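Step one of this worksheet: look at the structure below.
Chain letters run A, B, ... following the sequence lines, proteins first and then strands; every chain starts at 1. Not measured: the values here are computed from a predicted model.
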2 protein chains.
Amino acid sequence: MNGVGIRDVARLAGVSITTVSHVLNDTPQTRVSAETRARVRAAAAQLGYGPNRAARALRTNRSGLIGLLSEEIATTPHAGRIILGAQDAARAHDLTLVIVNAERESSGGSHRDDVQTLIDRQVEAVLYATMYHREVSVPANLRDVPAVLIDATDRDGLLPAVVPDEVGGAVAAVTHLVEAGHRRIGFLNNVDDVPATHERLVGYKQVLHRHGIVAEDRLILQAPSETRPGHALAREVLAGDDRPTALFCYNDRMAMGAYQAAAELGLDIPRDLSIVGFDNQELIAANLFPGLTTVALPHYEMGEWAVEMLVHLLSGDADHKRLPDGPTRLHCPLVTRGSVAAPREPRKA
Amino acid sequence: MNGVGIRDVARLAGVSITTVSHVLNDTPQTRVSAETRARVRAAAAQLGYGPNRAARALRTNRSGLIGLLSEEIATTPHAGRIILGAQDAARAHDLTLVIVNAERESSGGSHRDDVQTLIDRQVEAVLYATMYHREVSVPANLRDVPAVLIDATDRDGLLPAVVPDEVGGAVAAVTHLVEAGHRRIGFLNNVDDVPATHERLVGYKQVLHRHGIVAEDRLILQAPSETRPGHALAREVLAGDDRPTALFCYNDRMAMGAYQAAAELGLDIPRDLSIVGFDNQELIAANLFPGLTTVALPHYEMGEWAVEMLVHLLSGDADHKRLPDGPTRLHCPLVTRGSVAAPREPRKA
DNA sequence: TTGAAAGCGCTAACAT
DNA sequence: ATGTTAGCGCTTTCAA
């Protein structure tokens with residue numbers, strides 16, 4: 001592409017190609033005079049030299065590529081943030097990210113071919129990212145390369161993994177509500193048997209307990225995590241006289257349903273009802289009135305973390321298998337918009 | 001990675017590495033007996049041989065990489081569909097897609113560095129995709145490699161480009177409304193000076209004209225293409241007595257605002273008011289009640305088209321610069337959900 | 001402190 | 001119809 005090779009630099013600098021290589025790669029254990037280094041650097045810069053990666057890859061047997069296997073990149077903006085984080089981290093290590101989209105697999109036959117595609121493309125390692133936080137059993141050929149899981153945990157617990165701190169996120173959300181003065185806080189939870197369902201509930205209860213509020217079963221409802229069921233649940237929990245003054249929703253879609261329910265019931269958000277969501281789906285959260293206060297998933301950070309872990313693995317320091325015992329949990333920050341206010345009746349109506 | 005090289009295959013098949021190369025690459029002008037071919041193929045399969053791409057790249061001076069420079073991959077699901085289309089097409093040609101996320105640039109200094117990143121990574125060609133359909137002036141270094149524009153046109157008109165057929169999409173939307181029996185159809189348009197604003201208006205007028213309906217200025221409103229302004233516009237146009245029975249919205253976010261306005265006005269969708277959006281943002285369109293009938297942008301198809309064009313360019317047939325005069329326009333299909341019905345008063349109230 | 005030279009795995013021009 | 005061989009541009013051992 002460029003035409004200029006290491007030889008051109010060597011010629012211009014008046015040294016051997018070996019020296020150029022040493023200088024440009026900061027090869028350790030090689031003493032080159034400061035003067036020569038400068039000359040080489042200048043020559044390289046002047047010529048706009050960049051290494052031929054194929055040649056380097058061939059010689060070093062390192063492709064400089066890492067693969068990211070991502071489920072359903074197409075339908076979720078979340079995947080985008082993971083990619084972004086991975087991308088940035090990869091670039092910082094002069095690695096190139098190769099992405100492969102995988103269909104969302106229902107059961108076992110999980111992505112063997114997609115992993116193979118990556119391996120065929122000679123990636124040095126692979127990132128395996130799922131669409132939502134869950135436990136997976138990874139394809140067997142993933143054992144052929146260093147691998148890190150993103151937003152997923154390995155059923156066999158062998159691979160390093162990074163996931164959101166669901167409990168912490170829920171704690172942040174509900175604490176925010178409690179600190180605004182709410183004590184009757186409903187929880188519109190998901191029904192799926194996934195970590196988020198269980199852990200967000202744990203966080204919810206933890207906060208209530210910490211503040212001496214008894215968790216009422218009546219206030220904890222479950223339905224599929226979609227807008228419509230969220231709407232139904234909200235109508236239900238908002239029906240009685242002693243309705244909650246705030247709702248913590250499993251995700252932003254359910255919160256969207258709650259908004260609709262509130263509108264139908266003539267309840268003003270946040271004056272009559274405060275709502276906190278989860279996921280921070282911009283398209284929803286920012287387009288609702290008022291803006292939805294919600295908890296953000298650390299997608300960018302997980303992508304970043306995973307690449308760093310991969311680099312670590314690749315560097316060989318991995319011999320000291322310093323893998324933490326369980327998956328690494330990353331903080332889920334609260335994103336404040338306009339859907340939370342003090343309850344109407346500060347202390348009982 | 002794999003350990004098995006062309007030599008191993010040659011040895012197992014009892015032929016020279018040349019023959020293996022010829023067979024496996026289907027090198028033209030090379031006569032190899034069917035029997036030998038079979039033997040080589042079998043040996044390769046048996047060993048699970050895959051070519052070392054670095055070696056091949058070094059030798060052929062083709063990296064097998066193509067770059068996709070995408071604006072704001074992170075915040076829009078649209079980018080995901082472009083990637084997917086490009087990905088699939090690339091894979092079909094045994095090409096690997098390298099993606100680079102670019103910040104959304106306001107003015108001139110457009111993405112020079114991002115293009116350079118790709119060039120440094122030795123991509124053979126680059127796809128340049130913008131976040132929404134518009135005219136750009138591409139960075140100068142994009143002239144150094146074959147390039148194709150996605151969802152954008154080149155100010156200088158030199159690069160092949162593929163964009164959505166905005167007029168056609170609007171025609172499909174409004175025709176759908178007219179065929180449902182509507183004659184008073186409002187258009188909540190964008191204000192930005194972008195192709196979509198102008199062309200969707202053209203499509204809207206075209207359909208009205210074709211059906212002998214006079215376009216009333218009163219029914220054509222403009223505002224920023226967000227939920228809130230959409231809401232305001234809808235309130236405005238829905239205020240009078242002879243309000244429109246249907247609304248064509250510039251995008252799904254504005255349509256979302258229109259839904260809210262309808263709810264406030266006690267108008268049932270689609271009984272009292274039909275709505276068609278544009279963009280098919282799943283997160284919005286599928287989560288509204290009723291589901292929003294809207295027009296889909298051909299993101300996947302544009303990504304696909306662009307890679308095919310690139311391959312064509314790369315193949316050298318490009319000498320016959322068979323570039324169509326303007327950008328290629330791809331069809332925007334209507335996606336029917338539940339927001340359109342016949343108007344309440346079939347022929348005047 | 002610097003340089004000569006081998007060779008990574010493959011393709012393709014040129015034998016045979 | 002098949003085989004020999006010369007590099008592609010780089011890193012790295014080894015020698016000077």
Side-chain angles (χ1 to χ4, degrees), chain A residues 1-41 43-44 47-65 94 96 119-122 124 316, chain B residues 1-41 43-44 47-65 94 96 119-122 124 316:
Chain A
M1 325 285 157
N2 203 340
V4 16
I6 197 174
R7 272 197 291 264
D8 303 297
V9 178
R11 197 172 312 123
L12 179 58
V15 297
S16 73
I17 60 169
T18 307
T19 303
V20 174
S21 177
H22 284 161
V23 171
L24 263 23
N25 293 314
D26 283 316
T27 312
Q29 252 115 34
T30 309
R31 309 244 47 98
V32 178
S33 75
E35 189 205 352
T36 308
R37 305 182 91 80
R39 206 144 29 87
V40 170
R41 291 235 155 77
L47 297 173
Y49 169 78
N52 179 320
R53 330 229 4 154
R56 174 185 289 178
L58 178 57
R59 180 60 231 245
T60 60
N61 203 28
R62 314 234 301 96
S63 66
L65 262 29
D94 197 27
T96 300
I119 292 177
D120 289 346
R121 259 146 182 82
Q122 253 125 30
E124 295 179 31
Chain B
M1 324 281 158
N2 202 340
V4 16
I6 197 173
R7 272 197 291 263
D8 303 294
V9 178
R11 197 172 311 124
L12 180 59
V15 296
S16 73
I17 60 169
T18 308
T19 303
V20 174
S21 176
H22 285 161
V23 170
L24 263 24
N25 294 313
D26 282 318
T27 313
Q29 253 118 31
T30 309
R31 310 243 46 98
V32 178
S33 75
E35 189 206 352
T36 309
R37 305 182 89 81
R39 204 143 30 83
V40 170
R41 291 233 155 77
L47 297 174
Y49 168 78
N52 178 319
R53 314 191 73 116
R56 175 186 288 180
L58 178 58
R59 182 61 233 241
T60 60
N61 203 27
R62 316 234 301 94
S63 66
L65 262 29
D94 196 26
T96 300
I119 291 178
D120 289 346
R121 254 133 186 94
Q122 253 125 31
E124 295 178 32

Item checked: C/dA4 OP1/OP2 closer than 4.0 Å to side-chain N/O of A/T18 -> no
Check: Within this structure, what is the CZ-to-C1' distance between B/R7 and D/dT5, rounded to whole angstrom?
Finding: 13 Å
Notebook entry, point to check: Backbone N or O of A/H22 within a donor-acceptor pair of the A/N25 side chain at under 3.5 Å?
Noted result: no
Notebook entry, point to check: OP1, OP2 of D/dT2 versus side-chain N and O of B/S16: anything below 4.0 Å?
Noted result: no
Next item on the list: Measure from CG on B/N25 to C1' on C/dC10 and round the result to the nearest Å.
Entry: 9 Å
Item checked: Between D/dG9 (P) and B/N52 (CG): distance, integer Å -> 17 Å
Note to self: Within this structure, what is the CG-CG distance for the pair A/N52 and A/L58, rounded to the nearest 0.5 Å?
What the structure shows: 9.5 Å
Item checked: For atom CD1 of B/I6 and atom C1' of C/dT11, their distance in whole Å -> 8 Å
Check: For the side chain of B/T19 and the base of D/dA1, is some donor closer than 3.5 Å to an acceptor across the two?
Finding: no
Note to self: Tell me the interatomic distance from B/R56, atom CZ, to C/dG9, atom C1', rounded to whole angstroms.
What the structure shows: 11 Å
Checklist line | Whole-Å gap separating C1' (C/dA6) and CZ (A/R59) | finding: 8 Å
Next item on the list: Using whole Å, report how far CG of B/N61 lies from P of C/dG9.
Entry: 20 Å
Check: A/D8 CG to D/dG9 P: how many Å, rounded?
Finding: 9 Å
